[in-house]
There are 2 protein chains.
Amino acid sequence: MAVAPRKPKGSDKGSGTAHVITADLVAVLVAVTDGEPKIMTIAKADALPSGPFEFKHRSLQTGLRAWVEAQTGHPLGYVEQLYTFADRGRTGDAKSPHTISISYLGLTREDQVGAGFEAHWSGWYDYFPWEDHRAGAPALIAKWLTPRLRAWAKSAPLAGLQRERWQRAAITFGLDEREWNEELVLQRYELLYEAALIPEAARDGGAAATLVPGRAMTGDHRRILATGIARLRAKIKYRPVVFELMPTEFTLLQLQRSVEALAGRLVHKQNFRRLMEQQQLVEETGAIAADTVGRPAKLFRFRHAVLAERAIAGTKLPLSRT
Amino acid sequence: MAVAPRKPKGSDKGSGTAHVITADLVAVLVAVTDGEPKIMTIAKADALPSGPFEFKHRSLQTGLRAWVEAQTGHPLGYVEQLYTFADRGRTGDAKSPHTISISYLGLTREDQVGAGFEAHWSGWYDYFPWEDHRAGAPALIAKWLTPRLRAWAKSAPLAGLQRERWQRAAITFGLDEREWNEELVLQRYELLYEAALIPEAARDGGAAATLVPGRAMTGDHRRILATGIARLRAKIKYRPVVFELMPTEFTLLQLQRSVEALAGRLVHKQNFRRLMEQQQLVEETGAIAADTVGRPAKLFRFRHAVLAERAIAGTKLPLSRT
DNA sequence: TGGCTTATACTTAGCCTGAGCATAATCGAA
DNA sequence: TTCGATTATGCTCAGGCTAAGTATAAGCCA
């Protein structure tokens, strides 16, 4: 069965029809204000900005920018592609069976949403209350999630599967003395979906979901949001992207608070400053922050030069230099 | 201008038509044999396995698996999504202006390609000869690329732009005393495209490209391959994915050679072993490799348990444990 | 002035990493 | 049989980075 290079020439079992589909562009647009991570939402905070990829759009990003600006009045700055989703049965209403969602992560500063737009900045922990560990592990994990996850694990038919399920839960949620890993946002969401502990699972025809703290969204938007948060939490560790979320001038504490807001956990203050300085990511502006509580802090700005100077790449292999 | 949550209800400037498109699924299927990285190709090594996403496919991955098996007879093992491309003018022939390509990276072991399939395993450095630095920087970089990149930089209209271009070239290709960064595969490819040094640029209507060492591919397949190589080079550093490419039992040197093949650079032998052992990624099988040249080596196997034990995530921030 | 808050400097121990030295096995040719 | 080539494997050492903690400075306000 020799097959033509790219397109099946009407041959093959694939029907000769064009197999056309529609593509939705979805944006996870993030900002941090006063140490709280926010995402841009529409439809009464039930959905992410999104719209179909249309003929007039020159590229996917162009289309995305157009939709976000049309729906929120907010221009899009830094943008990167997240993931392309297409599973049927994960979109809530039985829409066109072949719509794929191409999602993007965008970073900006929070601006007031212009009048006439149905858009809001919503705190991202409203949708993922179990993800905020800045004040320690949230109580709802021990009180609410753990027993239900244990029940879910126990409900598996085989002992092996039971153990497997519990291990997965323990790893993703940091149970049984394990460490919390803030990057596993998507895995946690997917686990809750599988365990039918969130409304999306019930909606998609699974068992009835117990009502869980944390707001749901239209379609698979909360899954996309989880993907975005996970990506951002991973990325702040090896790329200077936080600065996209900061005003031009900021104190080191403000910067730290932003990182903590995204990571969902606290950072060692002194070491954080040392890191910023020795990596030369920031430089003093010479000015001093006013209206502060304690000792006034120096103001810093991002050293854009680093982007040109370095082509940073983490190495975890003993690569030889010779 | 209030906008409806997800779909513009026929309102808005977007036309009321359905904006249907077609989606191609493209696979970068990698194997390593005898220390050489290979990719599965079809069409006389000119294209990657690919085919349209069809109604009958339950998900994108399902569709991809179906196409790869149909075209190459090779089953797909480990798979992860790479990127979704849609730029017009980058696909060679002016195909349907709205085809998007959803690309995946797959890892397997090289099997003989079944008879009757137009599929081959091709060395990936045939397509990217400048990427193999295992025997030092390839001569073609100094002799061939550097002068042309310098010329390209010089050809910019403004002095500032000239400097910018050269800096980009120097960073991506490790010129001017800079270190070679093996992860910048895509950036290098895109730079060569922009500088019109590869056939794809000429084909897409740019200036006539000087013939460059390195084989081109159909459409934007070489770009997709570059994306795959880059992803894999990054990933082997923080996830134990190399093992997907290894036979069940292997010596540490074989493992090292595979890593080097992918990374395109050499690794410090003793440190590599130390890393493998202290991370407990492998365990001895008890057997000893036969038919070797020097002192016989112990055989190892991958410790699958690590996948369950750890939820590894690199940390480059001073996250507090308290 | 003392207490509160935040900023900033410095120290220390442990771990990881790059790099190199030394020794062990095995084979084949001199 | 010995030497040389080749690969395997063990070990050391210095430098750098990291987590964590101590100490001090500089404001505000009661």
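In what follows, every chain begins at residue 1, and chains take the letters A, B, ... in the order their sequences are listed.
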- Query: Which whole-number value in Å describes the distance from B:His268 NE2 to D:dC11 P?
  - Reply: 15 Å
- Note on the structure: In whole angstroms, the gap separating C1' of C:dT6 from NZ of A:Lys298 amounts to 14 Å
- A:Leu275 CG to D:dG16 P, straight-line distance once rounded to whole Å: 16 Å
- Item | Touch class at under 4.0 angstrom, heavy-atom based, for A:Leu253 against every strand present | sugar-phosphate
- Does the base of C:dT11 carry an N or O that pairs as donor and acceptor with the side chain of A:Gln270 under 3.5 Å? no
- Query: Could you give the CG-to-P distance, from A:Asn271 to C:dC10, as a whole number of Å?
  - Reply: 15 Å
Check nucleotides 25-30 of chain C for protein N or O atoms closer than 3.5 Å to its own N or O atoms and list the pairs.
{"unit_1": "C:dA25", "atom_1": "O4'", "unit_2": "B:Arg295", "atom_2": "NE", "d": "3.4"}

- Message: Do A:Glu80 and A:Tyr78 pair up side chain to side chain, a donor and an acceptor below 3.5 Å, judged on atom types alone?
- Response: yes
- For the pair A:Leu184 and A:Phe173, evaluate side-chain contact (heavy atoms from CB on, under 4.5 Å) and give the outcome as yes or no after the intermediate values. CA-CA 8 Å; A:Leu184 306 178; A:Phe173 283 93; over 6 Å; no
- Query: Within this structure, what is the CD-to-P distance between B:Glu277 and C:dT17, rounded to whole angstrom?
  - Reply: 15 Å
- Message: Under 4.0 Å from OP1 or OP2 of C:dA7: is there any side-chain N or O of A:Lys269 that close?
- Response: yes
- Task: Taking the six-membered ring of A:Trp130 (Phe, Tyr or Trp), confirm whether the NZ or CZ of A:Arg188 is under 6.0 Å from its centre and within 45° of its axis.
- Result: no
- Item | Pairs touching residues 243-257 of chain A that satisfy salt bridge (Lys or Arg N to Asp or Glu O under 4.0 Å), sequence neighbours left out | A:Arg257-A:Glu260
- Query: Quick one: the side chain of A:Arg274 and the base of C:dA9, do they pair up donor-acceptor inside 3.5 Å?
  - Reply: no
- Atom CD of B:Gln279 to atom P of C:dC15: distance rounded to whole Å? 15 Å
- Task: Whole angstrom is fine here: how far is it from CZ in B:Phe250 over to P in D:dA8?
- Result: 14 Å
- Message: Is it the case that the side chains of A:His133 and A:Glu131 hold a donor-acceptor pair, with the cut-off being a distance below 3.5 Å and no angle test?
- Response: no
- Of all residues at least two apart in sequence or in a different chain, which pass the side-chain contact (heavy atoms from CB on, under 4.5 Å) check with B:Arg148? B:Trp144, B:Leu197, B:Thr210
- Check the pair A:Gln254, A:Met246 against side-chain contact (heavy atoms from CB on, under 4.5 Å), reporting the backbone distance first and the verdict last. CA-CA 9 Å; A:Gln254 283 166 354; A:Met246 303 297 296; 4.2 Å; yes
- Query: D:dG16 C1' sits how many Å from A:Gln278 CD, rounded?
  - Reply: 9 Å
- Query: Of all the choices, C:dA7, D:dA8, C:dA19, which nucleotide is nearest to the side chain of A:Arg273 once you look at every atom?
  - Reply: C:dA7
